[in-house]
Protein chains: 2
Amino acid sequence: MLAEFRQAEILAAARRVFSKRGYEAATLDEIAAAAGLAKGTLYLYFDNKEAIFWEAVRERLLGLRRRAREVMAQAPDVPARLRAAIAVRCELMRTDAEFMRIYLTEFGHLCAHPTRFRKNFRELYLEMAHDLAAVVEQGMREGALRPGPPLETALMLALMVRDVFTSRFLGLFEEQSDPEQFIFDLFWRGVRNHAAPAAGGS
Amino acid sequence: MLAEFRQAEILAAARRVFSKRGYEAATLDEIAAAAGLAKGTLYLYFDNKEAIFWEAVRERLLGLRRRAREVMAQAPDVPARLRAAIAVRCELMRTDAEFMRIYLTEFGHLCAHPTRFRKNFRELYLEMAHDLAAVVEQGMREGALRPGPPLETALMLALMVRDVFTSRFLGLFEEQSDPEQFIFDLFWRGVRNHAAPAAGGS
DNA sequence: GCATAAAATGACTGGCCGGTCAGTTCATTG
DNA sequence: CAATGAACTGACCGGCCAGTCATTTTATGC
């Protein structure tokens, strides 16, 4: 119980440091200092650096998945669900700048290199994509979306959110623009069945 | 002249190693060995590891920009230009798997951390985005595309190509699907002015 | 206030790697 | 066949850092 609290403290500190320096450049001494502990203490709670990183990411992804399922379940129809899926992701990016930075900068490594956590990450990420794909599939069944590969389409939506926030790193999509609306506009028009009567989008 | 050839050899070797191991994990000894040289020799041609990496990336980005401008200039209308922009990017991703891996995995770091080459990368990347944005703007002026922020829209197109190939790292978009068509379908429907008569897309 | 355990510490180690440079090889030229 | 210099080499250095563990500090129970 104290242990869990300590763990959470360490993970919070880890996110702070990983976000500032990137996975490779971050040192355990830094993370320990940020948590107000000594390096050795970290090893009482986690196996190694990799485990700390993965847990720090996993915690947030699990939270995102839970919230995404909730809001999608509450939305009345397919376009509203897609909108909700976008909103919850944008919300996370806006409210947790530290996680955002980690997610955006380390995503490539998480996907590409056969580290121990690549498998874990892939698995969790695909679960979220499948949640979204179920909505896309429903839309196609109902005729609101034009036919296409549901999983690939769902994945594109998730990645588009990442893209917008990545772009901010390059100095675009400044405050003036509304990422949520921009993504929904582009994606919804892109996938909806223009022959069918419009339901939720413009 | 010999020097240029050597440089190119080193950059090719560097791309091979960086793509296999990632920027941080790649060592100069490895790159030198891959080029059939000793580590010290690298320093006769480049200042340091960072410079090798940047040159290896830059070479390809410049080539991409040149080709993209060519094919876009030859295309007859806006949708054809967008299609060409997608095609030339997919082409690069397909033919140069090494560059693709580097681009996908290190992009986040290139964007996020204030390294020496972040500035260079950003500059070159935005130049390419502006090339595309000019086409988007033309489409909006002509009425084929609905109004919107041209640069952000252009950037999304470029990032969507990256997304599709990123997805391949996660085990999707396998051989069966045609990335080029998928992206064009989604993007073109997403941006075109549905009130206006359709020009190039479905 | 003592005994015992639980939690935390931080100096230390072993390995790694970017970068250096004194020395070697090789090609060219007179 | 020197003599010259350009190209190349690789052992070495200094610094860094993940992970360890003997020791110290703090908490708990009696």
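Heavy atoms only: backbone and side chains are in, while hydrogens, waters and symmetry mates are out. What you are looking at is a predicted structure, and each value in this text was computed from that prediction instead of being measured. Throughout, a chain's letter reflects where its sequence line sits, starting with A, and its residues are numbered from 1.
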Rounded distance in Å - [atom1] ([X]) to [atom2] ([N]):
| X | N | atom1 | atom2 | result |
| --- | --- | --- | --- | --- |
| Glu30(A) | dC17(D) | CD | C1' | 11 Å |
| Ile52(B) | dC17(C) | CD1 | C1' | 13 Å |
| Glu50(B) | dC17(C) | CD | C1' | 16 Å |
| Leu37(A) | dT25(D) | CG | P | 17 Å |
| Asn48(B) | dT20(C) | CG | P | 9 Å |
| Tyr43(A) | dA22(D) | OH | C1' | 17 Å |
| Asp29(B) | dG19(C) | CG | C1' | 11 Å |
| Arg21(A) | dA18(D) | CZ | P | 10 Å |

From the list [options], which nucleotide is the closest neighbour of the side chain of [X]?
| X | options | answer |
| --- | --- | --- |
| Leu28(B) | dG10(C), dG18(C), dA7(C) | dG18(C) |
| Tyr45(B) | dA7(D), dT20(D), dA7(C) | dA7(D) |
| Thr27(B) | dA7(D), dA18(D), dG18(C) | dG18(C) |
| Leu44(A) | dT20(D), dA7(C), dT20(C) | dA7(C) |

**Item:** Side chain Lys39(B) and base dG18(C) donor-acceptor under 3.5 Å
**Value:** yes
**Prompt:** Under 4.0 angstrom, heavy atoms only, what part of the nucleic acid is Ala33(A) near: base, sugar-phosphate, or nothing?
**Reply:**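 No contact.
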**Prompt:** Taking for each residue the nucleotide of DNA chain D with the nearest heavy atom, is it Gly40(A) or Glu24(A) whose nucleotide lies nearer the 5' end?
**Reply:**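 Nearest-nucleotide comparison on DNA chain D picks Glu24(A).
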**Request:** Compare side-chain N and O positions of Thr41(A) against OP1 and OP2 of dT9(C) and report whether any pair is under 4.0 Å apart.
**Result:** yes
**Request:** Indicate, with yes or no, if the rings of Tyr103(A) and Phe107(A) have centres closer together than 6.0 Å.
**Result:**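 Yes, the ring of Tyr103(A) comes within the 6.0 Å limit of the ring of Phe107(A), centre to centre.
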**Message:** Ring centroids only, cut at 6.0 angstrom: are Phe121(B) and Tyr125(B) within range, meaning strictly under it?
**Reply:** yes
**Message:** Using salt bridge (Lys or Arg N to Asp or Glu O under 4.0 Å), reason through Glu137(B) and Arg141(B) one step at a time and then give a plain yes or no.
**Reply:** CA-CA 6 Å; Glu137(B) 216 161 1; Arg141(B) 258 200 323 276; 5.4 Å; no
**Item:** Polar side chain donor-acceptor pair, Gln181(A) to Arg83(A), under 3.5 angstrom
**Value:**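 Gln181(A) vs Arg83(A): donor-acceptor pair found between side chains.
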**Message:** Whether the Arg81(A) and Gln74(A) side chains hold a donor-acceptor pair (N or O, under 3.5 Å, no angle test) is what I'd like checked.
**Reply:** no
